Amino acid sequence: MSENSNAKSRNSFSGSIGFVLAAAGSAVGLGNIWRFPYLAARGKGGLFLVIYLVLAVTFGFTLLTAEVAMGRKAKQSPLTAYKKLCKKSGFIGVLAALVPFIILPYYCVIGGWVIKYLVAYIIDTPAQIAADGYFTGFITQDVAPIITLVVFLAMVAFVVFRGVNNGIESFSKVLMPLLLIMVIGIAAFALTITHTDSAGVTRTGLQGLKVYLVPDLKNITPAIFFRTVVDAMGQLFFSLSVAMGIMVAYGSYVSDDAKLMKSINQIEIFDTAVAFLAGVMIIPTVYAFSGREGMDASGPSLIFVSLPKIFASMGFMGRALAVAFFAMVLFAALTSAVSVMEAVVASFIDKFGMSRTNACIVETIIGITGGIIVCLGYNKLYFEVSLPNGGVAQILDILDYISNSVLMPIVAISECILIGWILKPKFIIDEVEKTGDKFGRKYLFTAMIKYITPVLLLVILLQSLGLVKIG
Ligand code: PHE
């Protein structure tokens, strides 16, 4: 079959709610939970939040709109869409499809760690899980992390195998509302916490909330301000799942009469709300138990090392809270991983004319093989390298660096050039307005895609490559 495989037989979302929840499912992931609260705490609380919101409705909105509209216009997978829109831009499709291809194996390894913690909190005691070395002890084992990887990947593959409508959409319609309820519940609980530490100092969740929300403008230098802007931009970019083919793939399943603007706004609101609530959940909790210094952890060490210590000091409530927390994280990770796999599977289907079943089988085998190599990176294949951005890396971090820090900004910059200068912004505006939908921020979109967004992305890229140092 050719690259222009029959549009009629293409899977599609049943309606805009299905699309919004599936896309929000992709956007809401580990980044919302383990990185956003940390960056907010580091960015002087409210200052980061304000900058993030401004960037969300400008920078984030521009990239998300461009990708969804491109996908719907091309009705193709990321690998084939860019070439269909413009002959010379096939290379963007290759890079955009490469990103989820690289991400899937390691994302599933992390998903496996989440499963391990969820099960551990059901059968072990919080004190055992909080013991020093528990996390490292687990990820360096020979077999266990591979088993949890396979379990996680099997769940993801099953959903993708069932297709867009019966799989991804139905799954997101159940998990996303549940996830929202859980985040709200845990966040509300976090605000009721009071803790007195061994030095006799009592701190409350509400005080932590103040740290989160009230901008601490006293010690702000231009360098801190600029770093906060770059932090917010990098986070937003990752959080909206743009520049990795996903939103192009999902856009290609949206019907031609759907109103894109409304859906795009809803996706952004959902993603930002969950990130914000993750902050309400984590910052007050960490602040009450460990003070300001406790907020230095992010990424795996926040959820697999720091929070377990807090759960252990909460008594019975700690265990219940931990189960709810890891179930919620699992939901967030599953819906994101599903979108990553779908971007690759859609590309296999459109480019090579494979059936969905075969594409799923091939990608599952690749995911497991890659995932096993990632697991062995903490065991038989252990090594340490320094990355240009200053981090120390194992296999997982190297894959993460290549995909998120290098390829994604390159894809997004190329996209801005393609739309801003070659196809012209009107191309996207017409696609959005063809249903009579009004493109409210038309002029903003044009200025953003042509000038501002590519420059901001270039700053992210140069920082990742270690060529500029900020803050
Ligand atoms: N957008 C997700 C988040 O904020 C991350 C993600 C990564 C989603 C990779 C899909 C693929 O966590």
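As the structure is a prediction and not an experimental result, all values here were calculated from the model. Residues take their numbers from the sequence shown, with the count starting at 1. Atoms within a ligand are numbered from 1 in the order they appear, just like the ligands themselves.
Taking F276 as the reference, Y212 meet the ring pair (Phe, Tyr, Trp, His ring centres under 6.0 Å) condition, with sequence neighbours excluded. Listed by chain and number, the residues in a ring pair (Phe, Tyr, Trp, His ring centres under 6.0 Å) with F326 are Y117, Y121 (sequence neighbours excluded).
If you look at F36 and F48, their ring centroids are closer than 6.0 Å.
Among pairs with a residue in residues 361-376, none fulfils side chain to side chain donor-acceptor pair (under 3.5 Å), at least two apart in sequence or across chains.
The residues lining ligand 1, counting any heavy atom closer than 4.0 Å, are S26, A27, G29, L30, G31, N32, I103, Y107, F238, S239, S241, M244, I246, S336, V340.
In this structure, a donor-acceptor pair under 3.5 Å is absent between the side chains of N11 and N165.
More than 12 heavy atoms of other shown residues, nucleotides or ligands fall within 6.0 angstrom of atom CZ in F331.
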